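I have placed the structure first, in the form of structure tokens, so that the comments after it can refer back to it.
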Amino acid sequence: MSEAKMARIEPPESERGDLVLVLDFGSQYTQLICRRVREVGFYSQLLPSDVSMERIRAVDPKVIVLSGGPNSVHMEGSPTVSDEFFTYCEKKGVTVLGICYGMQLLVHKLGGEVRPAVSREYGRMPIFTEKDSALFGKAEEDVQRVWMSHGDEAVKLPEGFRAIARSEQGAIVAIENPEKKMFGLQYHPEVTHSEKGLDTLKHFLFNICEGRGNWKMQNVLDEQLQLIREQIGPENHAICALSGGVDSCVAATLVHLAIGDRLHCVFVDNGLLRYKEQERVMKTFKDYLHLPVRVVDASERTLSKLKGVTEPERKRKIIGAEFIGVFRDAAIEIEKELGTHPAFLVQGTLYPDVIESCPPPGSDMKHSHTIKSHHNVGGLPKDLGFELIEPLRWLFKDEVRKLGALMGVPHTFLSRHPFPGPGLAVRVLGDVTADNALETLRLVDEVFINSIREAGLYDTIWQAFAVFLPIKSVGVQGDQRTHSHVVGLRAIISSDGMTADWYPFEPAFLQQVSNRITNTVPGVNRVVYDITSKPPSTIEW
């Protein structure tokens with residue numbers, strides 16, 4: 001099979017001059033910079049810090065943001081930019097903003113000096129801005145609280161640069177050289193902990209860079225419809241594996257809008273879905289989205305292979321392999337019915353899954369282009385013989401929801417909490433076929449989610465779910481001593497799933513949920529609530 005072709009989202013010709021390129025130096029907030037830029041109306045693209053100058057020229061950005069990172073610019077082997085980078089930016093009139101490590105790199109490369117700080121600055125703290133600064137757009141001095149995370153500091157600025165803000169300890173935390181269109185922030189304006197961070201980014205993009213900010217979801221929709229039609233052509237067919245999640249649903253809706261019933265969707269029930277999941281999802285597909293979907297019940301086939309398996313990674317591999325087998329069989333059936341091979345495969349891959357990002361410091365790895373093996377359809381192999389259609393490939397999760405809303409996907413579906421690819425298998429800690437674990441977990445999860453909805457908290461919480469634990473505890477129910485199952489509840493708040501905090505329910509709410517579960521779900525006599533953030537834990541167990 002030839003290299004798979006993919007529908008791409010690039011800004012329309014009229015907007016290419018406003019493209020904001022973010023170079024990734026390894027910060028945990030790099031993707032957030034991209035998202036914030038898009039939120040205010042500019043198309044942003046993320047590339048690794050060691051990208052070639054040829055590729056930067058090809059992107060032809062109006063603005064380049066140098067992200068933060070965990071390294072020190074004065075250490076040998078730390079990430080940097082090409083020697084011709086700043087010369088190129090000056091000649092082309094590209095505006096540069098360095099954030100955290102990016103600011104230190106700007107100082108270091110242009111002749112200034114960066115040293116380890118006498119006192120490191122981490123967390124939320126006040127900074128004091130100078131008057132008449134271009135970057136802050138303030139005629140007077142100001143005080144604002146920002147999110148700091150640095151162990152080095154600029155002690156000598158390059159010629160032509162001015163310090164425009166300092167921390168309480170006197171460290172330089174913002175610099176500018178408006179004549180050269182170069183600016184730097186030692187703190188992170190992209191995080192919500194920086195109280196005026198978004199205002200600073202808006203001022204930078206609209207007033208300093210003189211951008212138009214006309215990147216809209218309608219642009220994405222119109223352009224993708226045209227690209228999909230051009231790629232698939234007037235007669236070819238496409239196939240899509242629907243998971244019941246937001247991403248695959250929006251991707252399928254978009255392609256269906258473009259080519260109609262030449263799209264053939266397959267929904268696989270592997271026996272690891274939530275309570276009444278197949279029934280509810282199929283109702284949405286049929287009644288609201290009018291998608292042509294066939295259901296394949298592979299529950300017995302999948303669960304028989306999982307019997308006795310307790311190791312999480314082995315579970316994932318078995319589920320992935322079975323899904324591929326089921327999907328392959330479904331594709332053959334569709335081909336027989338059509339009398340022709342569907343040439344294209346639709347996947348709901350998102351931008352975070354394909355971003356070329358910096359490896360962990362000290363890993364000796366180079367930048368890599370990685371797609372998660374569990375994403376969407378479990379990593380379908382290329383030998384299935386399809387060309388890829390990935391219309392969401394350049395979008396973040398929140399943008400996918402906006403695109404879905406434009407196409408009429410119901411809010412109740414778009415706001416669904418994320419659900420892992422391997423399904424409830426990763427929420428049963430042990431053998432999924434033992435102790436009636438799946439049915440128990442479905443009932444517990446249903447009680448928990450319904451309680452959250454009744455309390456009006458569903459849209460506030462990023463993700464909530466129940467976990468079946470491989471232990472039993474002693475209890476007293478109905479005046480009798482019991483030895484029954486323990487279940488865990490988890491609810492987290494997050495902006496992107498990369499970091500997360502546990503949700504602080506009121507004690508009365510947790511008491512109510514616990515009572516409901518132990519009174520209505522057979523075989524459960526104890527409920528625990530997970531109060532661990534990410535990190536150190538992951539969201540799923």
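The model shown is predicted, which means the values in this text are computed figures rather than measured ones.
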Side-chain donor/acceptor of [X] to backbone N/O of [Y], under 3.5 Å:
X      : Y      : result
His74  : His108 : no
Arg490 : Thr532 : yes
Ser248 : Ser243 : yes
His188 : Ile33  : no
His150 : Asp152 : yes
Arg393 : Thr349 : no
Tyr503 : Thr460 : no
Asn177 : Gly160 : yes
Thr253 : Cys249 : yes
Asp530 : Leu489 : no

Taking all heavy atoms of [X] and all of [Y], pick out the closest pair and write down the distance.
X      : Y      : answer
Val22  : Cys34  : CG2-SG, 3.9 Å
Leu441 : Phe468 : CD1-N, 3.8 Å
Arg36  : Leu201 : CB-CD1, 4.1 Å
Val513 : Val447 : O-CG1, 4.5 Å
Ala165 : Glu130 : N-CG, 4.2 Å
Ser67  : Thr30  : OG-OG1, 3.4 Å

In sequence, state the C-alpha distance, the side-chain angles, and the governing distance for Phe448 and Val487, and then conclude on side chain to side chain contact (heavy atoms under 4.5 Å, CB included).
-> CA-CA 11 Å; Phe448 186 33; Val487 294; over 6 Å; no
Ring centers of Phe42, Phe206 separated by less than 6.0 Å =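 Centroid separation for Phe42 and Phe206: below 6.0 Å.
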Could you tell me if the ring centre of Phe86 sits under 6.0 Å from that of Tyr88?
->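 Between Tyr88 and Phe86, which both carry aromatic rings, the centre distance is not below 6.0 Å.
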Heavy-atom side-chain contact between Phe183 and Val96 under 4.5 Å =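 With C-beta onward as the side chain, the pair stays apart.
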If we only count heavy atoms from C-beta on, is the Ile175 to Ile164 side-chain gap below 4.5 Å?
->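 Sidechains of Ile164 and Ile175: no contact.
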Spacing of CE belonging to Met407 relative to CG belonging to Leu414, to within rounding of 0.5 Å =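 Atom-to-atom, Met407:CE and Leu414:CG are 8.5 Å apart.
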Inter-residue atom distance Leu47.CG - Asp24.CG, 0.5 Å rounding =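 Spacing of CG (Leu47) from CG (Asp24) equals 9.5 Å.
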Can Arg427 be said to sit on top of Phe465's aromatic six-ring, NZ or CZ under 6.0 Å from centre and within 45° of the ring axis?
->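 That pair qualifies as a cation-pi contact.
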Geometric cation-pi criterion, Arg166 with Phe128: 6.0 Å, 45° =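 Geometry flag: not set, cation outside 6.0 Å or 45°.
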Walk me through it: do Arg274 and Phe419 pass the test side chain to side chain contact (heavy atoms under 4.5 Å, CB included)?
-> CA-CA 9 Å; Arg274 289 168 286 198; Phe419 188 64; 3.5 Å; yes
Please work out which of the three classes, parallel, tilted or perpendicular, describes the rings of Trp215 and Tyr43, given edges at 30° and 60°.
->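 Answer is perpendicular, since the angle exceeds 60°.
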Evaluate the ring planes of Phe413 and Phe285, with Trp represented by its six-membered ring, and classify them as parallel (under 30°), tilted (30 to 60°) or perpendicular (over 60°).
->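 Ring orientation of Phe413 relative to Phe285: tilted.
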Ile56 and Ser52: CA distance, side-chain angles, deciding distance, side chain to side chain contact (heavy atoms under 4.5 Å, CB included) verdict = CA-CA 7 Å; Ile56 290 177; Ser52 68; over 6 Å; no
Check each of Leu350, Val409, Val400, Leu392 against Val246 using the side-chain contact (heavy atoms from CB on, under 4.5 Å) test, and report the only one that passes.
->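 With Val246 as partner, Leu350, Val409, Val400, Leu392 yield a single side-chain contact (heavy atoms from CB on, under 4.5 Å), made by Val400.
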Are any of the side-chain nitrogens in [X] or [Y] under 4.0 Å away from the carboxylate oxygens of its partner?
X      : Y      : value
Lys534 : Asp501 : no
Arg280 : Glu446 : yes
Glu210 : Lys181 : no
Arg38  : Glu399 : yes
Glu454 : Arg516 : yes

Between Glu153, Gln104, Glu121, which is the residue that forms a side-chain hydrogen bond (donor to acceptor under 3.5 Å, both in side chains) with Gln186?
->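 Answer to the side-chain hydrogen bond (donor to acceptor under 3.5 Å, both in side chains) test with Gln186 among Glu153, Gln104, Glu121: Gln104.
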Got a sec: does the [atom1] of [X] have more than 12 other heavy atoms crowding it under 6.0 Å?
X      : atom1 : answer
Arg115 : CZ    : no
Tyr288 : OH    : no
Arg57  : CZ    : yes

Can you list the steps and then say if Asp222 with Gln218 is a side chain to side chain donor-acceptor pair (under 3.5 Å)?
-> CA-CA 6 Å; Asp222 295 340; Gln218 188 64 50; 2.9 Å; yes
Intermediate values then yes/no, side chain to side chain donor-acceptor pair (under 3.5 Å), Gln463 and Glu540 = CA-CA 10 Å; Gln463 191 172 359; Glu540 295 286 346; 3.0 Å; yes
